[in-house]
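See below for the structure under consideration.
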Amino acid sequence: MTRLCPAAPARLLCTLAVLLRTSLAVDHVPMLLWSTQRSQWNPGPATHEGHIVSAQELMEFLQPLFTQNSRNLVLFLQDRLSIDDFTYFSESYGNKNPFQNVQEILQSSPSSLVLPAVDCKATKYLLTVLQESRDWRLTHVTNLNVSHLEVNASNPNLLVVQLQPLASGLKDISTLEAIAENDKMIGRVTMDLQERGIHFSVIYTAVRPSRISRRTDVVTELRRQLMAAEEEDSLSYPPLNVTTGNHTCILFYASNFSLKASSSVLIDLTNATFVTQNVDISASECSDSNTTLSLKYTKPVNGISSLEIRFLMNNKFYEGSARKWSTLDSVEIVQDEEKLAKFNVSAISAPAEYSFHCQLVGTSNLYPARLVPSNDEAKNWDVFISKLQIQGFNIINNQFSYASDCTGFFTPAIWMGLVTSIILLWILTYGIHMITQLTTNNRFDDPKGPALSVPQTE
């Protein structure tokens with residue numbers, strides 16, 4: 001919680017200094033707020049270094065946004081953002097400053113506030129909290145409709161801008177380009193509203209951090225936190241659920257759900273599926289024997305107007321095991337309602353009463369659970385799913401049942417341990433056998449008598 005310095009040039013330097021000083025952790029993200037109205041946020045007492053703003057404290061900071069004077073609110077929501085991004089990318093690539101528009105807007109805004117560390121539990125449900133706080137007219141803004149924004153001045157408006165995701169596994173230069181595109185998007189929306197003379201306030205934040213601190217004084221503590229909270233972090237947001245009446249029939253979760261079209265266009269669907277839930281699941285079907293999870297997205301990226309992903313699951317009785325098993329038989333991708341890509345699925349099955357879990361699922365040959373293309377169109381797609389958990393049958397209390405993991409009992413590490421143990425055991429057995437074959441002389445020389453002569457036949 002830090003008030004920006006009053007002078008415009010010093011304000012930015014003060015902000016960056018705060019961003020540099022604050023310790024990084026895996027459970028908080030920065031939040032930048034600014035408004036076209038003066039005195040939107042009154043200066044408050046500075047908190048100690050490293051303070052993380054809780055959900056309750058955040059609501060106090062957001063109270064001015066819910067007053068009658070703040071009739072328009074813009075939420076720029078990014079999937080990943082950390083304090084260190086503001087300095088790392090600005091300093092590492094010379095004149096390329098990916099946050100140029102954000103910094104200029106902060107300098108020129110009559111009122112602004114920077115919260116270097118906000119608890120991720122507070123930002124995870126920020127959109128829901130904003131919607132419940134006031135009777136907003138909700139509008140989702142994409143890169144395609146920025147120039148056609150319709151803002152009704154008679155009603156309070158909440159504009160939600162889902163920024164381009166920073167997909168995991170990308171190189172720094174690709175992440176830099178993604179952040180720069182998001183910065184341009186922020187600049188375009190802000191400029192459009194200002195040219196119309198519309199007063200508004202802005203929140204720019206993310207759902208989870210993009211990087212972990214490497215400071216030596218916090219590495220041990222971070223490792224301890226990661227180990228202690230591993231189970232909690234694995235479900236950082238609730239799973240997607242499909243209901244029939246009051247009964248949940250499908251549960252679906254993934255920490256990363258991404259596609260790549262034609263080996264070039266990356267489509268990250270993680271936020272749209274689980275965080276903002278900007279996905280249509282009305283075409284999903286449930287029954288005791290067959291279940292289909294249908295995920296429909298509108299304009300997920302430029303060049304694709306609609307995208308539907310179907311997970312086709314089956315529930316059968318197998319005489320060999322004398323029980324029912326649920327299997328994920330195939331995955332289908334439908335682009336623009338005409339191009340169908342179909343994948344056969346290997347090694348995704350579980351007892352009917354269980355859910356299925358796998359660390360990595362996709363088209364890569366290195367993944368334990370693979371999606372194998374079954375037609376020519378499927379060869380144009382790559383699928384990446386991390387920490388997949390899915391259940392389409394026998395769901396109790398709207399929660400995942402015990403998970404059957406895709407990793408078998410005899411992992412490569414176990415096999416290596418067994419082989420090494422067998423080799424060492426063989427060497428030990430051979431050594432004991434050789435020792436037992438040793439014999440000693442049964443005749444000895446008498447130093448006072450003649451020399452002992454032992455015939456060669458003995």
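The residues of the chain are indexed from 1 along the displayed sequence. Computed from a predicted model, the values in this text were never measured in an experiment.
Between the side chain of Asn72 and the main chain of His199, a donor-acceptor pair closer than 3.5 Å is present. Although no hydrogens or angles enter the test, the distance criterion places no donor-acceptor pair under 3.5 Å between the side chain of Glu104 and the main chain of Leu106. Judged purely by atom type and a 3.5 angstrom limit, Asn397 has no side-chain atom pairing as donor or acceptor with the backbone of Gln399. Between the side chain of Asp192 and the backbone N or O of Val189 there is no donor-acceptor pair closer than 3.5 Å. Side-chain N or O atoms of Ser326 include none that pairs as donor or acceptor with a backbone N or O of Asn314 at under 3.5 Å. No donor-acceptor pair under 3.5 Å is formed between the side chain of Ser109 and the backbone N or O of Ser111. Looking only at distances, no side-chain donor or acceptor of Asp119 sits under 3.5 Å from a matching main-chain atom of Ala122. Using modelled atom types, no side-chain atom of Ser404 and backbone atom of Phe356 make a donor-acceptor pair closer than 3.5 Å.
Separating the CG atom in Leu251 from the CZ atom in Phe393 is a distance of 12.5 Å, to the nearest 0.5 Å. Remark: Ile333 CD1 to Trp381 CH2 distance equals 5.5 Å, nearest 0.5 Å. Rounded to the nearest 0.5 angstrom, Gln389 CD and Asp405 CG are separated by 9.5 Å. With values rounded to the nearest 0.5 angstrom, Arg208 atom CZ is found 12.0 Å from Leu81 atom CG. With rounding to the nearest 0.5 angstrom, the CD1 atom of Ile52 is 13.0 Å from the CG atom of Leu58. Remark: Gln78 CD to Thr123 OG1 distance equals 12.0 Å, nearest 0.5 Å.
In this structure, the side chains of Ile83 and Val29 stay at 4.5 Å or more apart for every pair of heavy atoms. Using a 4.5 Å heavy-atom threshold, the side chains of Leu75 and Tyr204 count as separate. With a 4.5 Å cut-off on side-chain heavy atoms, Arg137 and Pro156 do not count as touching. Between Leu158 and Thr139 the shortest side-chain heavy-atom distance does not fall below 4.5 Å. Between Leu62 and Ile203 the shortest side-chain heavy-atom distance falls below 4.5 Å. In this structure the side chain of Arg188 never reaches within 4.5 angstrom of the side chain of Ile186, judged on heavy atoms. Residues Ile281 and Leu240 are in side-chain contact: their nearest non-hydrogen atoms beyond the backbone lie under 4.5 Å apart.
Phe200 pairs by the ring-ring contact (aromatic ring centres under 6.0 Å, His included) definition with nothing, not counting sequence neighbours. For the side-chain contact (heavy atoms from CB on, under 4.5 Å) test, residues two or more places apart in sequence or in another chain that qualify with Thr243 are Asn241, Thr248. Every residue two or more places apart in sequence or in another chain was checked for a salt bridge (charged side-chain N to carboxylate O under 4.0 Å, His left out) with Glu57, and none qualifies. When the side-chain hydrogen bond (donor to acceptor under 3.5 Å, both in side chains) test is applied to Asn101, the partners found at least two apart in sequence or on another chain are Asp183.
Listed by first then second residue, pairs satisfying ring-ring contact (aromatic ring centres under 6.0 Å, His included) with a partner in residues 270-314 read Tyr237-Phe274, Phe252-Phe274, Phe252-Phe311, Tyr253-Phe274, not counting sequence neighbours. Within the structure, every pair that satisfies the side-chain hydrogen bond (donor to acceptor under 3.5 Å, both in side chains) test and touches residues 335-352, not counting sequence neighbours, is listed here: Ser305-Asp336. For the salt bridge (charged side-chain N to carboxylate O under 4.0 Å, His left out) condition, the pairs that include at least one residue of residues 347-365, sequence neighbours left out, are Arg323-Glu353. Under the disulfide bond (SG atoms under 2.5 Å apart) criterion, no residue pair touches residues 251-285, with sequence neighbours excluded. Evaluation of the disulfide bond (SG atoms under 2.5 Å apart) test over residues 246-277, restricted to residues two or more places apart or in two chains, returns Cys249-Cys286. Screening residues 366-380 for salt bridge (charged side-chain N to carboxylate O under 4.0 Å, His left out), with sequence neighbours left out, gives Asp376-Lys379. Applying the side-chain hydrogen bond (donor to acceptor under 3.5 Å, both in side chains) test to residues at least two apart or on different chains, the pairs with a partner in residues 280-295 are Asp280-Ser282, Ser294-Glu308. Residues in residues 314-384 take part in these disulfide bond (SG atoms under 2.5 Å apart) pairs, two or more places apart or across chains: Cys358-Cys406.
Residues Asn278 and Thr276 bring no donor and acceptor atom of their side chains to less than 3.5 Å of each other. Inspection of the Asp84 and Ser82 side chains reveals no N or O donor paired with an N or O acceptor under 3.5 Å.
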